[in-house]
There are 2 protein chains.
Amino acid sequence: MSAEDRRDQVLDAAVAAFAEGGYTGTTTDQVARRAGVSQPYVVRMFGTKQALFLAAHERVMARLGEAFAEVARAGGDQTAHELATAYVQLIKDQDLLRVMQHGFSLGADPDLGPAVRASFLRVVRQIRELTGATVEETRDFLAQGMLINVLVALQLPEHAGDDPDAAALISCVLEKKGF
Amino acid sequence: MSAEDRRDQVLDAAVAAFAEGGYTGTTTDQVARRAGVSQPYVVRMFGTKQALFLAAHERVMARLGEAFAEVARAGGDQTAHELATAYVQLIKDQDLLRVMQHGFSLGADPDLGPAVRASFLRVVRQIRELTGATVEETRDFLAQGMLINVLVALQLPEHAGDDPDAAALISCVLEKKGF
DNA sequence: GTCGCTAGTAATCAGTCGATGCCTTCTCCG
DNA sequence: CGGAGAAGGCATCGACTGATTACTAGCGAC
């Protein structure tokens, strides 16, 4: 297999593996097994585990950026609401959301922190440019997104049956967004 | 030292240690060193590392609940806004926020997931009871809180100088809340 | 005084993890 | 054919980690 195809394959595996387990909770061997290659090969392909995580995280954030850009190309008139719907659709692949969420927890890491900050700000800037929203509107948009992140990361939708309050909150947050 | 005092001391150390590093990224030895005791003692005191994290997480969420309850006792008339201010004041101790944030990423863990879900829902229920807010108002309140969590976890306030967009977002989110 | 209980440590074990070095296999080009 | 380079695995190392066991010092009761 060509190096580039293999790299993509390993990155897909890395996203899935890091989604459950996070950075420190995932081993390079788990990534390797998912990708069907050996653990040393994964390490050497990216140099270090840090670089592997950053590449996976970068891929996730890039995918989010592409999804938003596509909404803009479609060119509706309620861009903010359409972005929200696109976001909810995208994160039906919970792996994306989980890797992003784990990234948020790495802000204090001296090596990974700057990279995750940059990715986050890139998306924030993109949202503002696409919607032309005010800072306050951007804030509210982001806030809803972060709440969605937490609810899904907590697996509350899966456990909504256990708790009526949880069910009410979830349907309220995700209503009319096609979750 | 009495067992209870020592336990409190270790729990404080655990909150600080887990705040940076998260669950998998923190060793029981790091907790022990912070508390000034030996690593085996920490493990035996709580049985397992999981139980130690749960106790630390529980303490953090309990502290949050107490802060909210105190606002209710003070008995203002703009409870929601006062809760928000109390929240921002409380999480000036960033360790609390970080442990909470790390907890959110553990929702998929079969052992820790149910506990962090329960703690989260307990706080949600408390907010609704204290403010008498509608589900939508509760959602918006929570959403702002989750955005604050992410911004602080990303250490964006510390790095606001690097990026004008970041600075605008932060001041917008935390304005009038005394951060 | 010594017995028993509590707080706490030192030593150590068995497993795990990221990383490195060396070998093999395949393919393409001359 | 032959060799050079790329793809990829195997063996292994050194450090780390959670947990267990055995031991010691202090202290109140009888």
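Note that these values count all heavy atoms, side chains included, but never hydrogens, waters or copies made by symmetry. Chain identifiers are assigned alphabetically (A, B, ...) following the order of the sequence lines, protein sequences preceding nucleic acid strands; residue numbering begins at 1 within each chain.
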Rounded distance in Å - [atom1] ([X]) to [atom2] ([N]):
X	N	atom1	atom2	answer
A/Tyr23	C/dC17	OH	P	14 Å
B/Met45	C/dA7	CE	P	9 Å
B/Met1	C/dG8	CE	P	7 Å

Under 3.5 Å, which protein N or O atoms sit close to an N or O of nucleotides 20-27 of chain C? Give each pair with its distance.
from: C/dC22; atom 1: N4; to: A/Arg44; atom 2: NH1; distance (Å): 3.2

Locate the shortest heavy-atom distance separating A/Thr138 from A/Ala133; write the atom from each residue and the value. OG1-CB, 3.8 Å
Mind listing the closest non-hydrogen atom pair of A/Ala69 and A/Gln126 along with its distance? N-NE2, 3.7 Å
Walk along DNA chain D from 5' to 3' and tell me the first and last nucleotide with an atom closer than 4.0 Å to a non-hydrogen atom of chain A.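 The contact span of chain A on DNA chain D goes from D/dA7 to D/dA11.
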Within 6.0 Å of CZ in B/Arg33, more than 12 heavy atoms from elsewhere: no
Taking side chain to side chain donor-acceptor pair (under 3.5 Å) as the cut-off, I'd like each qualifying pair that reaches into residues 61-75 of chain A, sequence neighbours left out, listed once. none
Would you mind listing every side chain to side chain donor-acceptor pair (under 3.5 Å) that reaches into residues 41-50 of chain B, with sequence neighbours excluded?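 Sorted result for residues 41-50 of chain B: B/Gln50-B/Asp111.
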Between B/Ser105 and A/Gln101, does any side-chain donor sit less than 3.5 Å from a side-chain acceptor? no
By a strict heavy-atom criterion of less than 4.0 Å, which residues belonging to [range] are in contact with DNA chain C?
range	result
residues 103-113 of chain B	none
residues 48-55 of chain A	A/Thr48, A/Lys49
residues 7-19 of chain B	none

Pair A/Arg125 + B/Asp163, salt bridge at N-O below 4.0 Å: yes
A/Phe141: which residues meet the ring pair (Phe, Tyr, Trp, His ring centres under 6.0 Å) condition with it, sequence neighbours left out?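 Result, ring pair (Phe, Tyr, Trp, His ring centres under 6.0 Å) vs A/Phe141: none returned.
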Take A/Val152 and A/Gln94, measure what side-chain contact (heavy atoms from CB on, under 4.5 Å) needs, and give me the verdict at the end. CA-CA 8 Å; A/Val152 174; A/Gln94 297 197 358; 3.7 Å; yes
All salt bridge (charged side-chain N to carboxylate O under 4.0 Å, His left out) counterparts of B/Glu20, not counting sequence neighbours: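 With sequence neighbours excluded, B/Glu20 shows a salt bridge (charged side-chain N to carboxylate O under 4.0 Å, His left out) to B/Arg34, given in chain and number order.
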Hey, could you give me the CZ/CG distance between A/Arg6 and A/Asp8, rounded to the nearest 0.5 Å? 11.5 Å
Just verifying a value: how many Å separate B/Ile170 CD1 and B/His159 NE2, rounded to the nearest 0.5 Å? 10.5 Å
All side chain to side chain contact (heavy atoms under 4.5 Å, CB included) counterparts of [X], not counting sequence neighbours:
X	value
B/Val42	B/Val10, B/Val31, B/Ala32, B/Val37, B/Leu52
A/Leu106	A/Tyr23, A/Phe53, A/Leu112
A/Thr27	A/Asp29, A/Gln30

Categorize A/Thr27 for me: base, sugar-phosphate, or nothing, with a 4.0 angstrom heavy-atom threshold over every strand shown. sugar-phosphate
Identify whether any heavy atom of A/Thr26 sits under 4.0 Å from a base atom; if not, whether one sits that close to sugar-phosphate; answer base, sugar-phosphate or nothing. sugar-phosphate
